[in-house]
Structures are given as C-alpha cells and as structure tokens.
Novice: 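Shown below is the structure under consideration.
Below, read A as the first sequence line, B as the second, and so on, with proteins coming before strands; counting in each chain starts at 1.
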2 protein chains.
Amino acid sequence: MADPTGRSELGEALLFLTDDQLRKGIEAMFFAYRGFTADPDRILVDQGYGRAHHRALHFIARSPGTTVNNLLNILGVTKQSLNRVLRTLIEDGLVENTVGLKDKRERNLTLTDAGQTLERELSFAQSARMRKAYKQAGPEAVHGFREVLEAMMDPEMRKMYIKLSEKGGA
Amino acid sequence: MADPTGRSELGEALLFLTDDQLRKGIEAMFFAYRGFTADPDRILVDQGYGRAHHRALHFIARSPGTTVNNLLNILGVTKQSLNRVLRTLIEDGLVENTVGLKDKRERNLTLTDAGQTLERELSFAQSARMRKAYKQAGPEAVHGFREVLEAMMDPEMRKMYIKLSEKGGA
DNA sequence: CAAGATACGTCAGTGTTGTTGACATTCCAA
DNA sequence: TTGGAATGTCAACAACACTGACGTATCTTG
C-alpha cells in the first residue's frame with residue numbers, strides 16, 4: 001500500500017505486480033544476499049575456507065548424524081564437489097565421519113567440538129545481521145519476508161525447508 | 001501477529017527475534033536464492049555464459065551508457081574479473097564499448113540489439129518467478145519482504161539499491 | 001547364493017569466476 | 001611539462017563448481 005508508481009490504470013490491487021516492482025524485488029534480492037553472506041565470508045577467508053564449507057557445517061549442525069546423500073539433496077551440488085569440502089573439514093578435525101549403524105554403506109556426519117565452535121561463530125555472525133534486519137523491519141514485515149521467500153523456492157527446496165523448520169521450530 | 005511459536009514467556013512483541021526464527025530466515029534465504037537464480041542459470045548454460053554475465057547484462061540494461069567503474073561498484077568484484085565477462089560479451093556482440101565523450105579514459109557500456117534480446121529473456125524468466133511469488137504472498141507480504149531485504153544490505157549497497165530504485169521507479 | 005541396486009569415494013578433465021600483478025592510456029594539477 | 005591519480009586491459013593463477021567414469025563395500029531381491 002501507498003505504492004507511488006504513478007500507474008493507476010490497473011487498479012491499486014495489482015500495483016505490486018508491475019514490472020518495476022518486480023525489478024526492485026530482483027535487485028533487492030541481489031544486494032541483500034551479498035550482505036547476507038558477507039559476515040560469514042569474512043570469517044571463513046581467515047580459515048582458508050569458502051562458502052561451501054559454511055553450508056556444510058550449517059546443515060550438519062542442524063541435522064547431526066545426517067548422511068552424505070541427504071546433505072547432497074539439501075545443498076544441491078555434486079558429490080564430487082561436496083566430497084572435496086567434507087574431506088578438508090574431516091582432515092581439519094571439524095567434522096566426524098562414522099560408518100552407519102543400520103546401513104553400513106552410509107556415513108553419519110557430525111560436528112566435533114572444534115566444528116561446533118566454528119559453526120556457532122559463523123551462525124552468530126549471520127544471525128546478528130538477520131536480527132538487526134528483523135528488528136528494524138518489525139514482525140509483520142518478517143512474516144511477509146518469509147512468505148515471499150517460501151513462494152520463490154522450487155517445490156523440492158520448499159519441502160526441505162519446511163521439513164527443517166518443523167524439526168527445529170516446534 | 002499470529003506467531004505460533006509456542007514460547008510466550010518472552011512476551012509476544014519479541015517472539016519474532018528468537019534464535020529459531022532467525023535460523024528459519026537464514027535457511028529461507030538460502031533456499032529461495034537458489035530458486036531466484038535457477039531460471040536464468042538454465043538459459044545461460046546453453047549460451048556458454050554464467051551468472052556473472054547475467055549480472056553485467058542486467059545492470060548495463062538498467063543504466064545504459066554506464067562506465068566500467070560504476071559497474072564495478074555495483075557488482076562488487078575486481079575490475080579484472082568484470083573485464084573478462086565484458087570482453088566475451090563484447091566479442092559476442094551483446095555489449096558495445098565506446099570511449100567516453102567527456103573523459104576519454106572511461107568506456108560507456110550499452111547493450112546491442114542482441115544484448116537486449118538476451119537480457120529481456122533472462123529478465124522475463126526471473127520476473128516470472130518473482131511475479132508468481134508476489135502474487136501468492138500478496139501485497140503486504142511483498143512490502144515486508146522488501147523492508148527486510150533492504151535492512152539486510154550493507155549501507156553502501158543500500159545506497160546503490162535506492163539510487164537504482166529511484167531512477168527506474170519514479 | 002547370484003545379480004542388480006545403492007551409498008560413498010576418487011581420478012581426470014573442463015569451465016566459470018574470483019584473485020594479484022603488471023602495464024598502457026588519459027586526465028589533472030603543481 | 002611532469003608526476004600522480006584514475007580508468008581500463010592483459011596475463012597468470014587459485015578456488016570451486018560440473019561431467020564422466022570407475023572402484024569398493026553393502027544391501028536387497030529373485
């Protein structure tokens with residue numbers, strides 16, 4: 001509401017769907033995502049890691065004991081790519097890799113204490129920015145924020161997202 | 001409003017700032033950004049281009065005649081990195097590079113007809129997803145979406161974003 | 001048990017995108 | 001006019017993603 005695009009012939013109900021509004025949304029996503037990743041990136045550079053390491057740490061922390069295959073589905077990368085990242089994390093003693101109990105083909109991934117420490121540091125940095133943004137925008141805006149993001153996901157990603165939300169969020 | 005997190009001891013006013021809510025926001029950004037870039041990426045692969053080419057095309061289309069330096073500030077990469085992208089786009093006849101009139105050190109960048117065609121195709125694909133998400137979430141949600149994203153940007157990025165918004169959006 | 005499917009890891013090759021370093025051109029100001 | 005700053009270009013290198021192929025261990029099914 002209060003949408004000063006100057007084009008009123010469509011009626012106010014659809015003004016938020018003009019090309020200009022959509023373009024603003026696109027550019028907002030671009031610039032915001034840069035901020036979103038900036039703080040963890042700074043920490044990771046010092047350690048010789050990249051964004052891929054952060055993602056792996058995050059989702060292992062989120063689902064301790066998860067399998068490689070599950071992580072693959074969540075992250076949407078190839079196993080070769082993930083393997084490179086996991087290998088360095090295991091070598092550096094941040095992630096532990098144990099043979100599955102039920103199915104010995106599987107590997108269960110967990111964070112070591114050192115891994116948890118780094119993950120919490122990254123999470124804290126990213127959350128701090130998110131908290132500031134949330135606080136500044138207010139609860140209603142946050143609700144809308146998540147509504148739009150959720151509607152923007154591919155269906156399969158949305159399933160993952162909801163599954164994760166339910167797990168931690170009840 | 002209507003925030004069913006089940007934890008009421010903090011008082012409803014701050015429930016949207018719990019660690020769990022912040023984590024959901026982080027994961028929503030991650031999954032949504034994948035969707036956000038998925039459609040253009042598919043188109044670009046066929047052409048032998050990447051996401052960097054899309055970004056360059058987008059912001060040249062947005063500010064025809066812009067300089068390399070300006071683009072550098074917007075995109076936040078090194079000039080060498082941008083130059084490689086620009087070179088291929090120029091070689092392929094999608095972007096035109098003319099010596100600056102006032103300052104001959106500068107290069108003014110514009111899209112050729114072919115460049116405009118591709119840029120519109122990419123923009124259309126990305127906008128289509130954004131439109132669907134906007135329509136599904138509704139105008140109020142869209143407002144909140146943009147509020148939060150804007151609050152998440154680094155100050156300098158926010159300046160760029162607002163400057164661009166004003167240019168196209170008046 | 002034999003055969004096929006599944007889960008994971010690895011090697012080789014390629015492409016995009018980021019980086020640093022070196023350099024040419026142009027502008028501006030002392 | 002000369003030196004410094006700004007702008008843009010070329011070259012080499014590193015990080016990280018992808019495809020394709022293969023090997024091993026394990027599970028599942030006929």
Novice: Which whole-number value in Å describes the distance from A:Arg87 CZ to D:dA15 C1'?
Specialist: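 Those two atoms, CZ and C1', are 14 Å apart.
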Novice: Nearest-Å distance, NZ (B:Lys102) to C1' (C:dC28)?
Specialist: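 Taking atom C1' of C:dC28 as the reference, NZ of B:Lys102 is at 13 Å.
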Novice: Report the residues that fulfil ring-ring contact (aromatic ring centres under 6.0 Å, His included) with B:Tyr161, sequence neighbours left out, ordered by chain and then residue number.
Specialist: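 Residues passing ring-ring contact (aromatic ring centres under 6.0 Å, His included) with B:Tyr161: none at all.
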Novice: Side-chain N or O of B:Asn69 less than 4.0 angstrom from OP1 or OP2 on D:dT7?
Specialist: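 Affirmative; the distance criterion is met.
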Novice: Does B:Leu75 offer a backbone N or O that forms a donor-acceptor pair with the side chain of A:Arg34 under 3.5 Å?
Specialist: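 Yes, A:Arg34 side chain to B:Leu75 backbone: donor-acceptor pair under 3.5 Å.
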Novice: Figure out the CG/P separation between A:Leu71 and C:dC8, and round it to whole Å.
Specialist: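 Between P of C:dC8 and CG of A:Leu71: 10 Å.
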Novice: Looking at B:Phe59 versus A:Phe30, is the centre-to-centre ring distance below 6.0 Å?
Specialist: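 That pair passes the under 6.0 Å test.
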Novice: Other residues, nucleotides and ligands only: do more than 12 of their heavy atoms fall within 6.0 Å of CG on B:Asp46?
Specialist: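 Yes, enclosed.
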Novice: Checking the side chain of A:Glu96 only, and the main-chain atoms of A:Ile90 only, is there a donor and an acceptor separated by less than 3.5 Å?
Specialist: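 No; zero donor-acceptor contacts below 3.5 Å.
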Novice: Just checking, is any N or O donor in the side chain of A:Gln47 or A:His53 under 3.5 Å from an acceptor N or O on the other one?
Specialist: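 Judged by distance alone, the side chains do not pair up.
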Novice: May I have the distance from B:Asp103 (atom CG) to D:dA5 (atom P), rounded to whole angstrom?
Specialist: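 Answer to the nearest Å: 17 Å.
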Novice: Under 4.0 Å between any heavy atoms, over every strand shown, what does B:Asn97 touch: base, sugar-phosphate, or nothing? Just pick one.
Specialist: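 Touches sugar-phosphate only.
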Novice: Just by protein heavy atoms under 4.0 Å, how would nucleotides 12-20 of chain C read 5' to 3' in B, S and -?
Specialist: ----SBBBB
Novice: By the 4.0 Å heavy-atom rule, please label B:Asp41 as base, sugar-phosphate, or nothing.
Specialist: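 Nothing, no heavy atom under 4.0 Å.
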Novice: A:Arg105 has an atom CZ; how far is it from atom C1' of C:dA7, in whole Å?
Specialist: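 In whole Å, C:dA7 C1' and A:Arg105 CZ are 6 Å from each other.
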Novice: Rounding to a whole Å, what distance do you find between A:Lys104:NZ and D:dA25:C1'?
Specialist: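 Distance check: A:Lys104 NZ to D:dA25 C1' gives 11 Å.
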Novice: Report the distance from atom CG of A:Asn108 to atom P of C:dC8, rounded to the nearest whole Å.
Specialist: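 In whole Å, C:dC8 P and A:Asn108 CG are 9 Å from each other.
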Novice: Check whether any side-chain nitrogen or oxygen of B:Arg107 sits under 4.0 Å from OP1 or OP2 of D:dT7, and answer yes or no.
Specialist: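 For D:dT7, neither OP1 nor OP2 has a side-chain N or O of B:Arg107 closer than 4.0 Å.
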Novice: Taking CG from A:Leu89 and C1' from D:dC16, how many angstroms apart are they, rounded to a whole number?
Specialist: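 Checked: the CG to C1' distance equals 14 Å.
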Novice: Please test B:Phe36 against B:Phe31 for ring pair (Phe, Tyr, Trp, His ring centres under 6.0 Å), starting from the C-alpha separation and ending with a verdict.
Specialist: CA-CA 9 Å; B:Phe36 174 68; B:Phe31 289 119; over 10 Å; no
